[in-house]
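Everything below concerns the one structure shown next.
Predicted model only: the values in this text are computed from it and were never measured. Reminder, nothing fancy here: chain letters follow the sequence lines and each chain counts from 1.
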There are 2 protein chains.
Amino acid sequence: MDEPKHPVTTVDRTLQIVEIIQELDGAGVSEIAAQVDVGKSAVHNHLNTLANRGYVLKEGDEYQVGLAFLGLGAYARKRNEIFDAAHAQVDTLAEETGELVNLLVEKNGMGIYLYQAQGENAVELDTYEGKQVRLHCTGLGKAILGFRPREEVADILAEHGMPAETEHTITDEEPFFDELDEIREQGYAIDEEERLNGLRCVAAPVTDDDDRAIAAISVSCPVHRVDDDRFYEDLQQAVLGAANVVELEHNYS
Amino acid sequence: MDEPKHPVTTVDRTLQIVEIIQELDGAGVSEIAAQVDVGKSAVHNHLNTLANRGYVLKEGDEYQVGLAFLGLGAYARKRNEIFDAAHAQVDTLAEETGELVNLLVEKNGMGIYLYQAQGENAVELDTYEGKQVRLHCTGLGKAILGFRPREEVADILAEHGMPAETEHTITDEEPFFDELDEIREQGYAIDEEERLNGLRCVAAPVTDDDDRAIAAISVSCPVHRVDDDRFYEDLQQAVLGAANVVELEHNYS
DNA sequence: GAACGCAGTTCCGCCGAGCAGAACAGGTAA
DNA sequence: TTACCTGTTCTGCTCGGCGGAACTGCGTTC
């Protein structure tokens, strides 16, 4: 999305306010006003308008994100038919592996986590359902881009850039395209601390009839706990299997 | 929430727009403008501002609810610790019974569906995660109110009223309180077509250490398919069992 | 294939809604 | 008590959101 020609600043402000509440895990009027750079009376009016519809919740002297967002969020998620096909598979994969399992889709060149399931030993990460990430630095993103036309990938990289998240992030186009070729060949992607230090992932794409990726599934685990054997054998196989089941369910039903 | 003293009409309008998109399952600018009663240029500006942040998505000539809401919604849900404790139980209950299983919490005197899981034969309803309902007309709501101080219940009823949803809805305080007494005694609530014709539910409260309800779990099924034996024996037992497990998990961990 | 009708988008000028800032209310700490 | 935090209410100014008209571009229809 390019910048709107005539942005409605009031709307931007409201969204910003809610996002700040989320970020701070609950906040008061003054606290928010300081961050948004508007007077607290204005913030107060926004909050009360939002509260009236259940979009924020007043807990004493602190405001919290309201559950009304869940209605819209769950609806938006359900519209992706891939979610229905995948979420049971993601659950069982998490149970089998005991690790953190993710489902990612691409929207406007960015990756969005559609669903997560925690296994017994799952790592705690900064990811959450609905979170947006750049595609170039995650196993999930690379799995998707590996099964997209090279031209489209170039457009996405041009639009969103390839900033380094860790010292292992691939930040140049050329090696990145080489990596994508390899991913396409082997059918899965590996992320070795490219987005987060200490974290490795195996990710497999979910493709449609035309071999175009519409989503990706990954297992994330800490580098120090999972050795190469388990990583490249068990986990890789499990992820590929799950992705395959989802693919079948999605394309032929 | 009582009416804000100084509502921000622009915010209201934006939320209204998004809700309309959800209701219509995607809509165009003109279509929305007709319903909100503002010019389409204004609607257009709102939509583009929202789209810029991922809160709506442009699909050709039609706008859709964006996944950015999922981030806030999932966050809001996760803040209710009861969700973590309950959601696996709700899943297994759905699988075991094959029916629709719901998890409801109370916020500001209204019920909000926190989570749903569909079993194999689950009915398709008008409920969805994040949906708000009045407490007096659902099994879930009654299960919660049964384990709340009578005074608090009276306040809630006074604030939100007791409109009839079907011809079976209880619309007067006195019989309602009698019903709550019974619910408290037997430990579960029954809803026989009180919110929706043709639908019956068994609901059990999840209570905290002080025997105060913090949530409720229910199984919903069509009246014509489930006979009394299965309803009052199998389902009731299953729901009570699940609620109990959740209770333990929530209160002692 | 010209003409129409419908969509979304852009532009502009007016006026009312959102804002800042001050005053008020309530609660807590020194 | 005093001081200093909150959140809330109020008022008047002004700037941003709005309506409405103009523009664009895609399908349909004749």
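Between A:His46 and C:dC19, a side-chain N or O to OP1/OP2 separation shorter than 4.0 Å is present.
A residue-by-residue look at A:Val29 and A:Val11 shows that A:Val29 has its nearest nucleotide of DNA chain D further toward the 5' end. Annotation: of the two residues near DNA chain C, A:His6 and A:Gly39, the 5′-most nearest-nucleotide partner is A:His6.
Looking at B:Lys58 and A:Asn108, their side chains never bring a donor and an acceptor atom within 3.5 Å of each other. Side chains of B:Lys107 and B:Asn80: a donor-acceptor N/O pair is present below 3.5 angstrom, by distance only.
For DNA chain D, the contact window with chain A, defined by any atom under 4.0 Å from a protein heavy atom, covers D:dT6 to D:dG17 in 5' to 3' order.
A cation-pi arrangement, defined by a distance under 6.0 Å to the six-membered ring centre and an angle within 45 degrees of its axis, is absent between B:Arg212 and B:Phe147. Stacking of A:Arg150 on the aromatic ring of A:Phe177 is recorded, both the 6.0 Å distance cut-off and the 45° axial limit being met.
Put simply, NZ on B:Lys40 is 10 Å from P on C:dT9, counting in whole angstrom units. In this entry the distance linking CD of B:Glu62 with P of C:dA7 reads 13 Å, nearest Å. Here C:dA7 presents its P atom at 10 Å from CG of B:Asp61, a figure rounded to the nearest Å. Summarising the geometry, the separation between CG on A:Asp12 and C1' on C:dC19 is reported as 16 Å, rounded to the nearest angstrom. The distance between atom CD of A:Gln16 and atom P of C:dC19, rounded to the nearest whole Å, is 12 Å. Whole-Å rounding puts the B:Ile32 CD1 to C:dT9 C1' distance at 14 Å. Distance A:Arg13 CZ to C:dA20 C1': 11 Å, rounded to the nearest Å. In this entry the distance linking OH of B:Tyr63 with P of C:dA7 reads 14 Å, nearest Å.
In this structure, B:Thr10 reaches the sugar-phosphate backbone alone: every heavy-atom distance under 4.0 Å involves primed, P, OP1 or OP2 atoms, never a base.
For A:Thr169 (side chain) and A:Glu194 (main-chain N/O), a donor-acceptor pair under 3.5 Å exists by modelled atom type.
Checked against B:Arg195 for a side-chain hydrogen bond (donor to acceptor under 3.5 Å, both in side chains), the options B:Asp126, B:Thr138, B:Thr127 give a single hit: B:Asp126.
Between B:Tyr115 and B:Phe83, the ring centre distance stays below 6.0 Å.
The base of C:dG21 sits within donor-acceptor range of the side chain of A:Ser41, with an N or O pair under 3.5 Å. For B:Thr9 against C:dA17, no side-chain N or O and base N or O form a donor-acceptor pair under 3.5 Å.
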